[in-house]
Visitor: 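Have a look at this one.
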Amino acid sequence: MALIPINDLQRRHAPFREQYEQKIQQVVRQGWYVLGPEVEQFEQEFATYCQAEFAVGVANGTDALELALRALDLPPQAQVATVANAGMYSTHAILAVGAVPLYIDLDPVTMTMDPQDLQERLTERTRAVIVTHLYGQMAAMPSLIQVAASWGIPLVEDCAQAHGAQLEGKPAGSWGDLGCFSFYPTKNLGALGDGGALVTSKATLAQAVRSLRQYGWEQKYLVGRPGGRNSRLDELQAALLRLQLPHLSRWNQRRADIATKYTQGLQDLGLELPQATYPSCVAHLYVLRCPWRDHLRACLREQGIGTDIHYPQPDHQQVTITPHPFAQVSLPVTERVCGEVLTLPCFPELADTEVDQVISAVRAVSHG
Ligand SMILES: Cc1ncc(COP(=O)(O)O)c(C=O)c1O
């Protein structure tokens, strides 16, 4: 165990133990375990949090992306524009619906989709865009929406790393046609297992996703919609997420404070630090860039400081993807940043003394 871990979920959940136990007993006694009243209430509360009309709970964030694309009813072999530096999740969803990824390069500062590159690479075959808000930072939504609208194609937001992030006062998930969330345990809002949700303000899309998450049922046992899946959020996870949701804004603020402290403490070392504005950016991960990333990482490991790399391999260079013709693409910014990114510990329960220790350790290596 690292002295300072990259994340520590025990610390997050310890204060909730009693509340969780009571809630679990309540759900057990109630006798309804999948898509019941807890899910329904969580959906309402989460929709309100995201300033969207509807939220639909699903089994995980990757399913949320897949069901979003299914709800958009893409023709076979349609291209879906996405980035290649966000852990393969959107690529998995695109391939699962029989579509083809069209990789777009990044803005070198935010490491999110570059609107200019989107405009240049879109084709007549492109039928949707998935924009990933990475590390807690929202992508350049006004410009991206403008490009998508000028081509008349829908835009899906991947908000798995951006619960509560805002741009111009509008939350992540409320900009596009659909917003997709993961509640994987390490997320800013995390379940004690898998979970996910879609948000939208379009009633027809909400209706489509509700049907698709449960076999394509229009009514019980009547399959009216093709492409249905079993991807449901269960009552226990929804109940535990409901207990956490009121704390999300406070946790996001603490993440922002930690990120600000890192940025102040590491200013003058020649490292590329996040240029995010807090608390609009919810600092899901604190990711710096450093050409000698592997050496820095090894030195921090020796001092008991946990780090991670989000993500080491661009999607188009993953071994399962390289044989496909769509992988034959040049993405200079994506390829460079994957070799330089390094994630420092940044979670709400991290103590200030630990943040100081990380800063001192990075400074010592950088000066050494
Ligand atoms: C950006 C992004 N999109 C999608 C996902 C997929 O979510 P899940 O693991 O719940 O399938 C994740 C996280 O794991 C993610 O970080």
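Starting from 1, each residue takes its place in the sequence as its number. In listed order, ligands and their atoms are each counted from 1.
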Visitor: How long is the gap from SG on C180 to CG on D63, to the nearest 0.5 Å?
Guide: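 Here the rounded value is 10.5 Å.
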Visitor: Between T263 and Y286, do the side chains contain a donor N or O and an acceptor N or O under 3.5 Å apart?
Guide: yes
Visitor: What is the nearest protein non-hydrogen atom to atom 1 (C) of ligand 1, stated with its residue, atom name and distance?
Guide: D158 OD2, 3.4 Å
Visitor: Between K187 and ligand 1, does any nitrogen or oxygen pair lie at a separation below 3.5 Å?
Guide: yes
Visitor: ring-ring contact (aromatic ring centres under 6.0 Å, His included) for H247 and F16? Distances and angles first, verdict last.
Guide: CA-CA 11 Å; H247 302 273; F16 288 90; 5.0 Å; yes
Visitor: Please indicate whether Q41 has more than 12 foreign heavy atoms, meaning atoms of other residues, nucleotides or ligands, lying under 6.0 Å from its CD.
Guide: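 Buried by this count: over 12 neighbours within 6.0 Å.
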Visitor: E235 and R29: salt bridge (charged side-chain N to carboxylate O under 4.0 Å, His left out), yes or no, with the steps?
Guide: CA-CA 12 Å; E235 284 288 282; R29 277 199 295 269; over 6 Å; no
Visitor: Atoms of ligand 1 less than 4.0 Å from T132 heavy atoms?
Guide: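 Selected atoms, number and element: 1 (C).
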Visitor: Can you name the atoms of ligand 1, numbered from 1 with element, that are less than 4.0 Å from a heavy atom of T62?
Guide: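 Those qualifying, in numeric order: 6 (C), 7 (O), 8 (P), 11 (O).
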Visitor: Please indicate whether any nitrogen or oxygen in D63 is less than 3.5 Å from any nitrogen or oxygen in ligand 1.
Guide: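 The answer is no, given that D63 and ligand 1 share no N or O pair closer than 3.5 Å.
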Visitor: Do any nitrogen or oxygen atoms of A160 come within less than 3.5 Å of a nitrogen or oxygen of ligand 1?
Guide: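 The answer is no, given that A160 and ligand 1 share no N or O pair closer than 3.5 Å.
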Visitor: Give the residue, atom name and distance (to 0.1 Å) of the protein heavy atom nearest atom 5 (C) of ligand 1.
Guide: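 Looking only at protein heavy atoms, the one closest to atom 5 (C) of ligand 1 is Y89 CG, 3.4 Å.
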Visitor: In plain terms, say whether E38 and K23 are close enough for a salt bridge, that is, a side-chain N and a carboxylate O under 4.0 Å apart.
Guide: yes
Visitor: After noting the C-alpha distance and the side-chain angles of H13 and Y20, does the key distance pass the ring-ring contact (aromatic ring centres under 6.0 Å, His included) rule?
Guide: CA-CA 9 Å; H13 295 294; Y20 286 168; 5.6 Å; yes
Visitor: Applying a strict 4.0 Å limit to heavy atoms, is Y311 in contact with ligand 1?
Guide: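 Y311: in contact with ligand 1 (<4.0 Å).
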Visitor: So is H310 close enough to ligand 1, meaning a heavy atom under 4.0 angstrom away?
Guide: no
Visitor: Which atoms of ligand 1 sit under 4.0 Å from any heavy atom of N60?
Guide: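 Answer for ligand 1: 10 (O), 11 (O).
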Visitor: Starting from atom 9 (O) of ligand 1, which protein heavy atom do you reach first, and at what distance in Å?
Guide: S182 OG, 4.1 Å
Visitor: Can F46 be reached from V34 by stepping across I, L, V, M, F, W or Y side chains whose heavy atoms are under 4.5 Å apart?
Guide: yes
Visitor: I want to know if ligand 1 touches D194 in the polar sense, i.e. an N/O pair below 3.5 angstrom.
Guide: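 By distance alone, the answer is no.
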